[in-house]
Amino acid sequence: MKGPATRKTHLRVQLTLLAVRGSRLQAGRSGAFSSSLRVGTRNFACEVYPEHTLTPGAAAVHCAVAFEDPEGALPHFPPGTTIELWEGRRAGYGMVLAVR
């Protein structure tokens with residue numbers, strides 16, 4: 001998986017992980033990972049690049065996000081939008097800080 005330095009990122013967000021039993025995000029996440037961001041009922045595939053380890057139930061972490069389909073996703077993610085990290089169910093939540 002390419003890092004944010006080699007792949008164009010589209011958003012800067014803050015994310016908080018939930019302690020969801022059985023989630024593949026249960027353990028702390030220190031590196032990039034594939035996931036979906038959800039707004040309303042729509043999911044958008046992406047790669048998430050946390051600045052620090054994401055730990056369930058801990059403080060929010062700033063992350064860069066690269067969408068698989070930025071043209072389809074970006075209109076749904078203006079700054080201030082509340083988002084969910086979606087792994088078949090709600091695995092975290094956050095907010096869009098900036099569009100790059």
Check [X] against [Y] and note the closest heavy-atom contact, atom names and distance.
X	Y	result
Trp86	Ser35	O-OG, 3.5 Å
Phe77	Val99	O-CG2, 3.5 Å
Ser36	Ala45	OG-CA, 4.1 Å
Val48	Pro50	O-CD, 3.4 Å
Pro70	Pro75	O-CD, 4.3 Å
Ser34	Glu87	O-OE2, 3.9 Å

Gap between atom [atom2] of [Y] and atom [atom1] of [X] - 0.5 Å precision:
X	Y	atom1	atom2	result
Ile83	Leu11	CD1	CG	7.5 Å
Thr9	Arg100	OG1	CZ	4.0 Å
Asp69	Cys46	CG	SG	12.0 Å
His62	His52	NE2	NE2	8.5 Å

Going by heavy atoms in the side chains, are [X] and [Y] under 4.5 Å from each other?
X	Y	answer
His76	Thr81	no
Val65	Val13	yes
Val61	Thr53	no
Asn43	Leu37	no
Thr55	Leu17	no
Leu18	Tyr93	yes

Has the side chain of Arg89 got a donor or acceptor atom that lies under 3.5 Å from a matching backbone atom of Ala91?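 Side chain of Arg89 to backbone of Ala91: no pair is present.
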Using 30° and 60° as the class boundaries, would you call the ring planes of Phe67 and His10 parallel, tilted or perpendicular?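 Correct class here is parallel.
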Does a salt bridge link Arg12 with Glu51, judged by any charged N lying under 4.0 Å from a carboxylate O?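 Yes, charged N to carboxylate O under 4.0 Å.
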